[in-house]
Amino acid sequence: MLARAALAAFIALAPVAHSRVVSADPVDTTPHVLDGIVNSIALVDGTVVVGGSFTEVADSARSFSVTRDNLFAYDLATGRILPDFAPQVDGTVYGLTAGDDGTVYVGGDFPEINGWPAKALARLRLLNGSLVAAFEPGIAGGMVTTLARRGSQLYAGGEFTKPRTALARLDATTGAADPLFTIKPGSPLTPRTRVHAIAATPDRLVVDGSFTTLDGKPRHQLGVIDISRPTPTVAPWRTATYTTACKPEFPYYVRGLDVSPDGSYFVVVTTGGPLGSKRMCDTATRFETLTRSENVKPTWINHTGGDSLYSVSVTGAAVYVGGHLRWLDNPGGRDSAGPGAVPREGIGAIHPRTGKALSWNPGRTRGIGIKAFLAHPGGLLVGSDTTRLGGEYHARIGMFPLP
């Protein structure tokens, strides 16, 4: 049985449950990122932290702008940009997650922050953007692409080679690698092993990426790790869903991943190219987390018909998907609208049980696509590379409130 302290820590950091679908009308208080792309969003108490690749941020009224090096923060309620949180991050930010005591963990492809060595992963104070010196993760050999925190444990995925290959569990205070977590992704479809996305429940860690094995066991681009005991093991959960290749330029094609608020299921989104409904390219797919099988089948699959999906947020009321999609419910499409296709420009919502598109349809300029969602008790934050969201100007960051 999960200890009470661990359960409480998970509840504090768990995916947020919504009882209804968010409004299609974005709030007017969010700031604007004036260039580049937003890759990740975290919420620390009432502060939104935004990371990506950008250099300039403006207030919601566009009355002034400030320089920010790939990372900034603002007040969720008012949209006020935090003036004293302006760390100099020397490279792209890909992953963020909340820390205790007004801090945030920052992962990406950078050698230093504020002129100090901080390879790929650091912990920063929101008060002034300074490094928490006691956190020393020892990441080396490549970038951090994704982060998930569960109480005193911080999970990191990416392309690094130290302290583990592509996937590590760290002490959230010191950054020390947990010697009991030795799960190794292997036999990659790319030159470097990459863990692209991770999500944690109280007893499972779901991971996707370019690997085809976990600890030598076949797990093609997607796997589940049992973290219910001190020494994690690869769970008896295996699917052949992503063994079929997509276009050659996408040797691996899994992208975003999110678990349901109760941890019972998760949804994976993919890229891959317009190759028809017999392949899993450009899809959103639900799986049940606790299924014990060597041949787990999807609960449902929703095809875009040839457009990439990069991010997903599961709230219980909806499965929000983002990319540069033009349609949902489009298994017959090949870069076109097939029979029954539902138009959805850049963003959409899927019914969690049926797997069919919901009527929610705010639209956004497609661009590369949405790279970040974050559900919170008041709504859904969205990060991308374009400036129109819900028919309004919202440059690269916006929020749909709960009605």
Q: Could you give me the CA-CA distance, side-chain angles and deciding distance for His376 and Met399, then say whether side chain to side chain contact (heavy atoms under 4.5 Å, CB included) is met?
A: CA-CA 10 Å; His376 62 90; Met399 190 188 95; 3.2 Å; yes
Q: Go through the steps to decide whether Arg396 and Asp385 satisfy the test salt bridge (Lys or Arg N to Asp or Glu O under 4.0 Å), and finish with yes or no.
A: CA-CA 5 Å; Arg396 298 170 180 84; Asp385 65 315; over 6 Å; no
Q: Using the test side-chain contact (heavy atoms from CB on, under 4.5 Å), find all partners of Ala168 that sit at least two apart in sequence or belong to another chain.
A: Phe160, Pro163, Arg164, Leu170
(Q) Let me confirm one number: the OG1-CH2 distance from Thr354 to Trp300, rounded to the nearest 0.5 Å. (A) 8.0 Å
(Q) Between Arg80 and Tyr74, is there a side-chain donor-acceptor contact under 3.5 Å, judged purely by atom types and distance? (A) no
Q.
Working to the nearest 0.5 angstrom, can you tell me the gap between Thr270 OG1 and Tyr252 OH?
A. 12.0 Å
Q) What are the two closest heavy atoms between Pro274 and Gly305, and how far apart are they? A) CB-O, 4.2 Å
Q | Sidechain-backbone polar pair: Ser336 side chain, Arg334 backbone, donor-acceptor under 3.5 Å | A | yes
Q | side-chain hydrogen bond (donor to acceptor under 3.5 Å, both in side chains) involving Arg255 - partner list, sequence neighbours excluded | A | none
Q: Give the minimum heavy-atom separation between Val22 and Trp360, together with the two atoms involved.
A: O-NE1, 3.0 Å
Q. Ser313 and Phe373: which non-hydrogen atoms are nearest, and at how many Å?
A. CB-CB, 3.6 Å
Q) Do Tyr310 and Val269 come close enough that some side-chain heavy atom pair is under 4.5 Å? A) no
(Q) Using a 6.0 Å cut-off, check whether atom CG of Leu290 has over 12 heavy atoms from anything other than its own residue. (A) yes
**Q.** More than 12 heavy atoms of other groups within 6.0 Å of Arg20 CZ
**A.** yes
Q | Full working for salt bridge (Lys or Arg N to Asp or Glu O under 4.0 Å) between Glu392 and Arg364 | A | CA-CA 9 Å; Glu392 303 170 357; Arg364 54 167 290 279; over 6 Å; no
**Q.** With Ile301 via side-chain contact (heavy atoms from CB on, under 4.5 Å) - residues at least two apart
**A.** Met280, Thr283, Thr285, Pro298, His303
Q. Can the ring centroids of Phe400 and Tyr320 be said to lie less than 6.0 angstrom from one another?
A. no
(Q) Show, in sequence, the C-alpha distance, side-chain angles and deciding distance for Arg62 and Asp59, and conclude whether the salt bridge (Lys or Arg N to Asp or Glu O under 4.0 Å) test is met. (A) CA-CA 5 Å; Arg62 286 184 278 173; Asp59 69 312; over 6 Å; no
Q. Under the side chain to side chain contact (heavy atoms under 4.5 Å, CB included) criterion, do His394 and Thr387 qualify, and how do the steps go?
A. CA-CA 5 Å; His394 292 281; Thr387 60; over 6 Å; no
Q) Is a donor on one side and an acceptor on the other found under 3.5 Å between the side chain of Thr103 and the backbone of Asp100? A) yes
Q: Supply the atom-to-atom distance Ser308 OG to Leu325 CG, rounded to the nearest 0.5 angstrom.
A: 10.0 Å
Q. Between Arg149 and Tyr105, what is the shortest heavy-atom contact and its length?
A. CD-CE1, 3.8 Å
Q.
Less than 4.5 Å apart, side chain to side chain, heavy atoms only: is that true for Phe266 and Asp258?
A. no
Q) Can you find a pair of side-chain heavy atoms, one from Asp226 and one from Arg204, that are under 4.5 Å apart? A) yes
Q: To the nearest 0.5 Å, tell me how far Thr30 OG1 sits from Leu381 CG.
A: 8.5 Å
Q | Side chain to side chain, Trp327 and Thr304, heavy atoms closer than 4.5 Å | A | no
Q: For the pair His351 (side chain) and Lys356 (backbone), establish whether a donor and an acceptor sit closer than 3.5 Å, ignoring hydrogens and angles.
A: no
Q) Distance only, no hydrogens: is a donor on one side chain within 3.5 Å (strictly under) of an acceptor on the other, for Asn128 and Ser130? A) yes
Q: Any chance you could lay out the side chain to side chain contact (heavy atoms under 4.5 Å, CB included) test for Thr212 and His220, step after step, and finish with the verdict?
A: CA-CA 4 Å; Thr212 60; His220 204 101; 3.5 Å; yes
**Q.** Residue pair Leu222 / Phe287, side-chain heavy-atom distance below 4.5 Å
**A.** yes
Q) Taking all atoms of both residues into account, what is the closest heavy-atom pair of Asn114 and Pro87, and its distance? A) OD1-CA, 3.3 Å
Q.
Quick one, Arg344 and Asn361 - any side-chain contact, counting heavy atoms below 4.5 Å?
A. yes
Q.
Using only atom types and a distance under 3.5 Å, with no angle test, would you say the side chain of Arg238 pairs donor to acceptor with the backbone of Ser293?
A. no
Q: Using atom types as modelled and distance alone, determine if a side-chain donor or acceptor of Arg125 lies under 3.5 Å from a backbone N or O of Leu131.
A: yes
Q: Decide yes or no on salt bridge (Lys or Arg N to Asp or Glu O under 4.0 Å) for Arg326 and Asp307, but give the supporting numbers first.
A: CA-CA 7 Å; Arg326 288 167 287 177; Asp307 293 321; 2.8 Å; yes
Q: Would you name the heavy atoms of Leu126 and Leu82 that are closest together and state the gap between them?
A: O-CD2, 4.0 Å
(Q) Return the CG to CD1 distance between Asp90 and Ile113, rounded to the nearest 0.5 Å. (A) 9.5 Å
Q) Roughly how far apart are Leu275 CG and Cys281 SG, rounded to 0.5 Å? A) 4.5 Å
**Q.** Val57 side chain reached by Ile397 side chain, heavy atoms, under 4.5 Å
**A.** no
(Q) Please check this pair: side chain of Gln221 against backbone of Tyr242, looking for a donor-acceptor N/O pair closer than 3.5 Å. (A) yes
Q. Under 4.5 Å between any side-chain heavy atoms of Phe54 and Asp69, yes or no?
A. no
Q. Between the side chains of Thr365 and Thr386, is a donor N or O closer than 3.5 angstrom to an acceptor N or O?
A. no
Q.
side chain to side chain contact (heavy atoms under 4.5 Å, CB included) for Leu214 and Val207? Distances and angles first, verdict last.
A. CA-CA 10 Å; Leu214 288 176; Val207 299; 4.1 Å; yes
Q | side-chain hydrogen bond (donor to acceptor under 3.5 Å, both in side chains) partners of Thr190, counting only residues at least two apart | A | Ser210
Q. With a 6.0 Å cut-off on ring centres, are Phe110 and Trp116 close enough?
A. no
**Q.** Short side-chain donor-acceptor distance under 3.5 Å, Asp203 and Thr201
**A.** yes
Q: Could you pull out all residues at least two apart from Ser264 that satisfy side-chain contact (heavy atoms from CB on, under 4.5 Å)?
A: Ser260, Asp262
Side-chain donor-acceptor pairs of residues 31-49 under 3.5 Å, sequence neighbours excluded:
| from | atom 1 | to | atom 2 | distance (Å) |
| --- | --- | --- | --- | --- |
| His32 | ND1 | Ala395 | N | 3.2 |
| His32 | NE2 | Ser60 | O | 3.0 |
| Asp35 | OD1 | Thr55 | N | 2.9 |
| Asp35 | OD1 | Glu56 | N | 3.4 |
| Asp35 | OD2 | Thr55 | N | 3.4 |
| Asp35 | OD2 | Thr55 | OG1 | 2.4 |
| Asn39 | ND2 | Val93 | O | 3.1 |
| Ser40 | OG | Leu96 | N | 3.0 |

Q.
Check for me whether Arg169 meets the cation-pi criterion with Tyr155, that is, NZ or CZ under 6.0 Å from the six-membered ring centre and within 45 degrees of the ring axis.
A. no
